[in-house]
There are 2 protein chains.
Amino acid sequence: MAEAVERRKRYREQVRDEIKQVALGQIARDGAAALTLTGVAKEIGVSGPALYKYFAGRDDLLTELIVDSYASLADALDAAGSASAEAPARERLHAVARAYRAWAVAQPHRYLLLAGTPVPRYDAPAETVDRARAVLAPLLEILAAGRSWPRAEPLRAELAEWIAEVPAVADWVRDALGPAATTAPDVALAGVVTAWVRLHGVVSIEAVGLFNGMGLRPATVLALEMDALADAVGLD
Amino acid sequence: MAEAVERRKRYREQVRDEIKQVALGQIARDGAAALTLTGVAKEIGVSGPALYKYFAGRDDLLTELIVDSYASLADALDAAGSASAEAPARERLHAVARAYRAWAVAQPHRYLLLAGTPVPRYDAPAETVDRARAVLAPLLEILAAGRSWPRAEPLRAELAEWIAEVPAVADWVRDALGPAATTAPDVALAGVVTAWVRLHGVVSIEAVGLFNGMGLRPATVLALEMDALADAVGLD
DNA sequence: ACTGTTAGTTAGGGACTCTAACTCAAGTTA
DNA sequence: TAACTTGAGTTAGAGTCCCTAACTAACAGT
């Protein structure tokens, strides 16, 4: 009785996973814009309309792929942050940066799904914004060990205002920093924004292949960028 | 005789321009992956196959759009560099950075055509690599006024090797720096790479819309990043 | 045996892209 | 003036593709 229903559910989940996996493969080959349920069905070896029992449509599938990817990236950074919990802040920053890059380089199309050219005719649901924010939480904790520096003053001021005006952000920062916050939220946030911009700068260039044929290792550039940031905010 | 041929040539060029303009509009709406000659023809109000007299195919059109865009961006940066030729190096760096961002923000789809997710099933011809390099020439001249700094040492070393191994790069650097080169090419190049990575970091995030809903002005972040770089390399 | 649910199929409408072959106008040359 | 050439543009057609609608098969439970 209930066992049969359970088995069905399991099978359903299994098929959904297969669909998502094949879809990712197609995205890697043909780009996210070309994703269609029928196309996935053909590759799976089943007739087109069958998949509409599993996903309402292309947008539905795409949304789930994006949400999954955010979760996966967040996990990777979280793991790096936790594993280095006892290390000096500078080393932790490097660890998280390496994890960010490693995740992106291992599956560039997935990274570009999150941070690349937006898919035309597709409106990401609002929940993805929160997911994106959650990814950066480990950085927030690490950069809370830093201080502000003169050049960052304008950015810090803007972020202070943002925190003051948007309660959701204030909550998020407070949670991520923990109760015994030694650094002001706006200062930590300024560091996070800078780190994120630099991470994305290096990683996205590598992901789209623009470093190809330039005699440099992206990891070198990334390490340099993170060290420069650590110097600026005074991480040990 | 020759006049008629001239008139035809002019008309042809005019039509090609119209095609390119409409194509850019479609790219902005539907993404580069969805670009087709037939689609452009429909919008122009002419029957599909007509356009095949002007472009061999979609890839041909796309290549020309990309080459044009590189040239346009290069012009913009060049102009900013020239206009500030007498200013201190730090101010020149800011000027070029502002020009870079302004160009990209005014037409994000065009920026993403150059530096966004690559178009699937499209192989950019080799010449685009040189075009891309040319864009950064103004930065090279400006950052030649800087020195190396300890954190950049690994990157500098890698670039020195690259310069030594690839004559084309060496030539390019020498040309851009001018004959009276006070700074070593590898040092200047390390600064350029860093500047480029940061420029792209800020600008691409803005172009894909990831800054939306974050209480900060991209220009503030960009200025901070450039100032931090100027500090590191010791620009006045 | 009967009912309800779920997975899957076939059929069909609608749209699109590009190749091939043809028309038409204009200019050139004999 | 008549024939030839060149280039722009059109229509016709083959090949794809996606998704909706309606139907069939299998299965579990009453």
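Side chains included, hydrogens not; waters and symmetry mates left out as well; all remaining heavy atoms used. Here is the naming used below: chain letters follow the sequence lines, and residue numbers restart at 1 for every chain.
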Close side-chain approach of B:Leu210 and A:Trp196, heavy atoms under 4.5 Å: yes
Close side-chain approach of A:Leu189 to A:Trp162, heavy-atom, < 4.5 Å: yes
For [X] and [N], what is the distance between atoms [atom1] and [atom2] respectively, to the nearest whole Å?
{"X": "B:Arg58", "N": "C:dT19", "atom1": "CZ", "atom2": "C1'", "answer": "18 Å"}
{"X": "A:Asp59", "N": "D:dC18", "atom1": "CG", "atom2": "C1'", "answer": "14 Å"}
{"X": "A:Lys9", "N": "C:dA7", "atom1": "NZ", "atom2": "C1'", "answer": "17 Å"}
{"X": "A:Tyr52", "N": "D:dC18", "atom1": "OH", "atom2": "P", "answer": "8 Å"}
{"X": "B:Gln14", "N": "D:dA8", "atom1": "CD", "atom2": "C1'", "answer": "14 Å"}
{"X": "A:Phe55", "N": "C:dT6", "atom1": "CZ", "atom2": "C1'", "answer": "16 Å"}
{"X": "A:Arg16", "N": "C:dG8", "atom1": "CZ", "atom2": "P", "answer": "14 Å"}
{"X": "A:Leu51", "N": "D:dC17", "atom1": "CG", "atom2": "P", "answer": "16 Å"}

[X] side chain, from C-beta outward: closest of [options]:
{"X": "B:Leu37", "options": "C:dT10, C:dC18, D:dC19", "result": "C:dC18"}
{"X": "B:Tyr11", "options": "C:dA11, D:dT11, D:dA8", "result": "D:dA8"}
{"X": "A:Lys42", "options": "C:dG8, C:dC18, D:dC17", "result": "D:dC17"}
{"X": "A:Thr38", "options": "D:dT11, C:dA7, D:dC18", "result": "D:dC18"}
{"X": "A:Arg7", "options": "D:dA8, C:dT9, D:dA28", "result": "D:dA28"}
{"X": "A:Arg8", "options": "C:dT6, C:dT17, D:dG9", "result": "C:dT6"}
{"X": "B:Thr36", "options": "C:dA11, C:dC18, C:dA7", "result": "C:dC18"}

C:dT6 OP1/OP2 closer than 4.0 Å to side-chain N/O of A:Arg12: no
Heavy-atom donor-acceptor pair, A:Ser82 side chain to A:Ala79 backbone, under 3.5 Å: no
Looking at every strand, decide which applies to [X] at a 4.0 Å heavy-atom threshold: base, sugar-phosphate, or nothing.
{"X": "A:Gly39", "value": "sugar-phosphate"}
{"X": "B:Val15", "value": "nothing"}
{"X": "A:Ser47", "value": "base"}

side-chain hydrogen bond (donor to acceptor under 3.5 Å, both in side chains) assessment of A:Tyr122 paired with A:Thr63: CA-CA 9 Å; A:Tyr122 168 75; A:Thr63 299; 2.6 Å; yes
Gap separating the OH atom of A:Tyr52 from the OG1 atom of A:Thr38, nearest 0.5 angstrom: 4.0 Å
